[in-house]
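Here the structure comes first, spelled out in structure tokens, and everything after it is commentary.
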Amino acid sequence: MKRISRRGAVRRAAAIAVPAFLVSAVLAGCTTTGDDASVPDSVACGLATGEKASGEPINIGGVVVNQPGVDFTDITDAAKAYFECVNDNGGINGRPVNYIIKEEQSDPQQVAAVATQLLEDDDVVAMVGNASLLDCTVNDGLYADAGIKAIVAGVPTECFNSPSFAPMNFGPYFASIAAAQALAERGVDKIVVVTADTPGAEFANSGATDYADKEGIPSESLLETVPISDASGLALRLVDAAGPNGGVELNFSPPELIKVFSAIAQQGLIDAVEWSCVSCIDDSIVESLDPAWNGKLIAISEFGLVTATNEDTQLFRDVMAKYSAGTPVGNFAQMGFLAAKFATAAMLALDPADITREGVNQAIIDLEPASDAMLCGPFYYGEGDVHVPNNFARTLGVADGAYTDGSCIAIAALSSNKLDEIRENEKALGIG
Amino acid sequence: MPNLAPYLVLGLALGGTFAVSAVGMVVLFKATGVLNLAYGAIGAFSGLLAYTLINVVHLPRPLAYLAVVVAAGALSLGYGMLMGPPLAGREPLVKAIGTLALLLILLGSMAAIWPGRAYNLTLETTSWSVNLGGVYINGTQLLAFVLGVVVTAGASVYLQRTRVGTAMRALSGERQITAMLGVPVLRIEAIAWSVSGMLAGVSGLLLSNLVGLDAVTLTFLVIPSLAAALVGRVSSLWLTLAGALGIGIVQSLITPVAAVSQYRALTPFLFAIVALLLVSRRRSLGR
């Protein structure tokens with residue numbers, strides 16, 4: 001019997017495994033993400049000088065959650081892209097932005113630690129594009145003490161009820177209300193809302209159930225563990241819970257939603273109930289939907305279509321193509337882009353030699369209501385105790401692998417939210 | 001009370017897929033003494049690679065599926081030939097922990113190669129469906145169940161009736177003695193690693209469709225397969241099939257039960273605990 005030496009076995013193993021792995025990796029590395037958008041030679045952001053900023057960097061911080069099942073890094077990646085574009089166009093009156101991102105995994109101590117690091121070690125003058133399940137809850141006091149007025153992507157209730165935050169989005173709670181409004185408009189007999197079982201999920205669902213209660217529609221709130229390992233079972237359960245002529249609202253991140261939509265289609269359940277989704281404006285989602293979904297899904301959007309043909313949206317697409325081509329071009333990226341854009345507008349009003357934390361955050365408060373075609377209304381911070389500047393929703397549809405445009409609807413004011421108070425404040429600023 | 005028939009169909013499909021991977025794990029364990037914890041990761045890698053071959057390289061789908069199954073076999077074989085001989089004389093626990101290294105390498109690689117965006121893989125069999133008394137069954141679900149049974153039967157016959165299969169069973173008893181009797185141990189182990197890896201690739205494709213194409217989710221679906229293998233005492237293929245179907249059915253049937261639905265992911269662990277307790281009890285009674 002021929003004895004195979006250990007060295008020979010290792011060589012054989014390497015001869016098989018390494019090429020197999022490398023070929024796989026190279027092929028897979030050819031994967032393109034997002035659209036095949038052509039990369040523009042230059043993009044005009046901020047001062048639009050076309051010259052690289054070379055002064056003393058201005059440190060800006062961002063806290064973002066990145067854990068299995070919940071990954072919001074698209075938001076901070078897009079904010080970073082905009083700041084890089086600003087830096088290539090003269091920066092903040094000659095000074096580049098140094099955007100420092102800290103990732104966390106929803107451990108309250110870790111969330112507090114990274115924010116403290118940004119404020120004390122990195123000496124950031126502002127927090128922009130924060131996208132976290134816990135940041136607003138854990139760090140509200142820290143930011144208040146530091147005089148921070150953060151422009152964030154809001155998730156927990158504190159993001160929408162604190163003087164320290166102005167969210168670019170209206171978040172899952174208000175989106176939930178908007179989706180319930182859209183389902184109610186379609187005449188459903190019951191509304192079932194399901195959300196990923198993460199911090200803040202109950203609060204998010206309460207938007208839909210509170211609205212349903214107000215309108216006298218039966219409702220049910222469900223939480224689902226993520227990552228979802230049984231999307232087909234979940235799909236069946238949702239249809240059973242909603243019943244005939246029921247409506248279901250889905251609230252998951254894009255990878256989880258794709259699983260659920262695929263399961264719904266595979267189980268032949270597309271026509272079983274009215275389907276709606278929040279936080280679902282993402283190319284990877286809509287491209288995965290086959291034509292059976294045409295006209296069968298209400299997608300609540302906080303922003304205009306990424307394919308819209310206006311200047312502001314074109315700038316967004318150009319910035320993403322040039323500075324963050326690997327980031328999916330969807331609502332998450334729009335949030336980060338807009339947060340950075342309005343923070344930049346605020347800082348450009350300041351003397352570059354005197355950019356301090358106090359000055360920057362006052363400039364954010366004093367920012368004139370700033371419009372962008374991706375928003376239904378202007379962005380502002382203002383002196384109010386609560387800030388939800390983006391309080392209109394767009395109800396998009398789907399057709400042939402793309403979203404179809406919808407109208408802006410005013411999100412319903414309920415006893416459980418402060419939209420009445422916010423809209424009074426807006427009148428004082430000359431909005432609405 | 002909701003209609004449980006659709007959940008039963010789902011459970012049988014999932015159970016069939018768990019059986020495909022569990023049988024692969026058992027065959028490998030019999031031949032090499034290694035409980036491959038990276039099984040799910042190999043399946044996940046296969047699913048994502050299939051997505052790329054189809055959507056980026058634009059390979060015809062049948063060729064892409066064949067390629068990923070072969071690649072999965074090669075990955076598994078590579079690990080087996082690299083780490084198998086040095087760990088051959090070690091305890092089963094050490095050998096199993098060794099496969100965690102492969103799991104972590106694959107998880108990290110998948111995160112680097114396929115970052116951020118979501119992926120979707122729908123097999124052609126999904127577009128075929130039949131409605132039986134209000135229960136919707138698609139082709140992939142049927143394929144998963146049938147494959148689970150066929151793979152179990154095929155592996156059982158192979159182990160019992162072929163020379164290679166007999167050699168694998170002999171290896172599970174005593175590696176050194178089997179080698180001294182002239183059995184080409186490395187070749188037999190290589191076959192076990194390859195076949196096991198290919199079965200991981202097949203189950204990865206099925207689960208990518210049935211559960212979703214997500215690296216982390218698919219990697220940790222090794223747990224139900226492992227639990228099924230434990231039900232079969234990592235030796236009986238038919239008991240492994242029964243365990244896999246049981247896990248799939250129970251997990252699916254408790255989905256609509258509001259009080260326990262959120263705990264359904266614990267089903268494989270409960271099966272594993274009961275199986276281990278029964279084995280332990282049998283051993284203590286046998287003393």
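Quantities reported herein were computed from a predicted structural model and do not represent experimental measurements. In the text below, chain A, chain B and the rest are named by the order of the sequence lines, each starting its count at 1.
Options A:A241, A:A263, A:P227 differ in how many heavy-atom pairs under 4.5 Å they form with chain B, and the most are formed by A:P227. Ranked by heavy-atom pairs shorter than 4.5 Å toward chain B, the options A:G268, A:A265, A:A231 are led by A:G268.
In this structure, the side chains of B:Q141 and B:V9 come closer than 4.5 Å at one or more pairs of heavy atoms. Within the 4.5 Å cutoff, the side chain of A:V192 has no heavy atoms near those of the A:V273 side chain. Contact check for B:L53 versus B:V68: side-chain heavy atoms found under the 4.5 Å cut-off.
When heavy atoms are compared at a cutoff of 4.5 Å, B:N209 approaches chain A by way of both its backbone and its side chain. With a 4.5 Å cut-off on non-hydrogen atoms, B:L218 does not touch chain A at all. For B:T122, the part lying under 4.5 angstrom from a heavy atom of chain A is the side chain only. Contacts of B:V216 with chain A are made by side-chain atoms alone, with heavy-atom separations under 4.5 Å and no backbone atom involved. There is no contact between A:L238 and chain B, counting heavy-atom distances below 4.5 Å. For a residue to count as touching a neighbouring chain, one of its non-hydrogen atoms must lie under 4.5 Å from one of that chain's; by this rule A:D230 touches chain B with backbone and side chain alike.
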Next on the checklist: Let's go through B:S76 and B:S196 carefully: what are the C-alpha distance in whole Å and the side-chain angles of both, what is the deciding distance for side chain to side chain donor-acceptor pair (under 3.5 Å) to 0.1 Å, and is it a yes or a no?
Outcome noted: CA-CA 7 Å; B:S76 176; B:S196 170; 4.7 Å; no
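By the ring pair (Phe, Tyr, Trp, His ring centres under 6.0 Å) test, B:F271 pairs with no residue at all, sequence neighbours left out.
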